[in-house]
Amino acid sequence: MIPTKPHAALLASPGLGHLIPMVELANRLVTHHGFHVTIFVVTMEPTASNNPNNNLLPKQPYRSPTLYNLVVLPYVDSSAQMSPTDKIMTRLAIMMRGYVPSLQAELGSMEHNPTLLVVDLFGTEFLSLADEFDMVKYVYIPSNAWFLAMTICVPLLDKQVKHVGPLNIPGCKRVEYDDILDPVFDPENKDYDEYVRIALDLGTADGVLVNTWKQLESKTLFSLKNNKILREIFNKRVYPVGPLVRPVRPECLGGELLEWLDDQPKESVLYVSFGSGGTLSSQQTTELAWGLEMSQQRFIWVLRPPIEHDGAGALFHAMDGQDQIVSQYLPRGFLTRTHNLGKVIPMWAPQTEVLAHKSIGGFLSHCGWNSTLESLVNGVPIIAWPLYAEQNMNAALVEEELGVSIRPKLLFMRGFEFKEYEMLELIL
Ligand code: UDP
């Protein structure tokens, strides 16, 4: 039978923060644009059935399980290519590189040839496959246009000059020193080279999709289209396709958590979560616990095991059954003392459903872009606690441009240490 629908191949890099927006893009292509879609997924572990990230895969918990095909690429072990000092961008880039032959083989064996390839920021090295298979090729940035504008400017920076001030982006809000991505500060680190490579790869795509929309970022989107200097740096078309967020599925929020939320006053509960990869250290976990308890603020806290010196730790660590025992990470007696005040949820909560509940009045968030959008569409103000990647920029955007967030300044000054609970007590 001759297929009647165009076929799109989407590639999601590891981490739910990358998979979720890709799935939502697939849903959009299928339901609004009549595409047949296959999503290829890269995983970080050989068998990761105990990882909540992977629990989402087989269930396809979206509008219809038949909406798109989902192919988990067979695990490729790239650990031999990594060194223990490699940071997040390098690790993801090395991991992804190992999967190029797998996707090549998959595309080569497909009966209904895809004519469109969409990759995310960590998949730009797959764009050459589109040429091989005669496909049009797009990069989907599951973040905002301001981040895209900064990224395309990074290759122009002088590697030899140490950055000490803000970054000026033609026609856009400047990026303050404290908000600039870590790789930009350390040209000696491999992350810098990977980031520059990704930025240059973007120019080889036919266009870029961004999870934003005109009303949210009109100035930046205008400049990406019209600013002469920016156009000279990057002349591809940018499509604001957002907000693409996970739909609320009421059946996902039930049991004790729903009953408890139903019993709380309207907009009284602070939801505390650091996304799928965000991780606090032991000291930060303790400080946060004290902050919540001393503020006497109602809360729901999605707690995962602390990992030292790696704000993105959960991205790279499998989570097993014993992580469900949350009390071991908390000050002694915390759960008993806060029994009536809040709920500690181990590892993973139905976030979109929680944020949509009428009792939620605030979100203490790491400002991953998906979390930020989910908060925005539900009208929930944010207390920002960015941890890694472009989260400082996201936090700056929602605070300074939209005025729907507060960002306790002291927390985020590079190299500054203090007791977080003191700050939390002040703002809660
Ligand atoms: N998420 C969730 N439950 C959790 C933690 C995260 O459903 O306990 C979802 C959240 O709703 C969002 C995604 O995971 O859609 C996290 O993406 P984000 O960009 O906010 O952060 P990242 O995980 O990339 O750091």
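One-based numbering, in listed order, for ligands and for the atoms of each.
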Verdict with supporting geometry, Asp178 and Asn392, side chain to side chain donor-acceptor pair (under 3.5 Å)
CA-CA 8 Å; Asp178 284 328; Asn392 277 305; over 6 Å; no

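Counting atoms of ligand 1 from 1 in the listed order, those under 4.0 Å from a heavy atom of Trp369 are 19 (O). Every atom of ligand 1 with a heavy atom of Val302 under 4.0 Å away is listed here by number and element: 8 (O). In the vicinity of Ser371, heavy-atom distances shorter than 4.0 Å reach the ligand 1 atoms 18 (P), 20 (O). Near Tyr388, meaning under 4.0 Å from any of its heavy atoms, are these atoms of ligand 1: 25 (O). Listed by number with element, the atoms of ligand 1 under 4.0 Å from a non-hydrogen atom of Gly277 are 23 (O).
Remark: Arg337 engages Glu293 in a salt bridge, criterion side-chain N to carboxylate O under 4.0 Å. At a threshold of 4.0 Å, the pair Lys358-Glu267 does not count as salt-bridged, since none of the basic side-chain nitrogens sits closer than that to a carboxylate oxygen. A salt bridge does not link Lys219 with Glu401: none of the charged nitrogens is closer than 4.0 Å to a carboxylate oxygen. Ion pair Arg197/Asp201 flagged as a salt bridge, since at least one NZ, NE, NH1 or NH2 atom sits closer than 4.0 Å to an Asp/Glu carboxylate oxygen. Ion pairing of Asp86 with Lys190 is present here, as a side-chain N (NZ or NE/NH1/NH2) and a carboxylate O approach within less than 4.0 Å. A salt bridge links Arg174 with Glu176: at least one charged nitrogen is closer than 4.0 Å to a carboxylate oxygen. A salt bridge links Asp179 to Arg407: at least one charged side-chain nitrogen sits closer than 4.0 Å to a carboxylate oxygen.
Residue Glu374 places at least one N or O, backbone or side chain, under 3.5 Å from an N or O of ligand 1. Considering backbone and side-chain atoms together, Asn370 places an N or O closer than 3.5 Å to an N or O of ligand 1. Polar contact with ligand 1: absent for Arg304 (N/O pair, distance under 3.5 Å). Not one N or O of Thr352 is nearer than 3.5 Å to an N or O of ligand 1, by distance alone. Residue contacts with ligand 1: Gly278 is placed with no nitrogen or oxygen under 3.5 Å of a nitrogen or oxygen of the ligand (distance criterion only).
Of the protein's non-hydrogen atoms, Ser276 N, 3.9 Å is the one closest to atom 16 (C) of ligand 1. Closest to atom 1 (N) of ligand 1 among all protein heavy atoms lies Trp348 CH2, 3.3 Å. For atom 21 (O) of ligand 1, the closest non-hydrogen atom on the protein side is His366 NE2, 3.0 Å. Considering only non-hydrogen protein atoms, atom 3 (N) of ligand 1 sits nearest to Ala349 O, 2.6 Å. The protein heavy-atom contact nearest to atom 7 (O) of ligand 1 is Arg246 NH1, 3.1 Å. Here the heavy atom of the protein found nearest to atom 24 (O) of ligand 1 is Gly17 CA, 3.2 Å.
Side-chain contact between Leu121 and Leu92 is absent, with no heavy-atom pair separated by less than 4.5 Å. Annotation: side chain of Cys153 is in contact with side chain of Pro170 (closest heavy-atom distance under 4.5 Å).
Residue Ile20 places a heavy atom less than 4.0 Å from ligand 1. Remark: distances from the non-hydrogen atoms of His18 to ligand 1 are all 4.0 Å or more.
Checked against a 6.0 Å centroid threshold, the rings of His18 and Phe122 count as neighbours.
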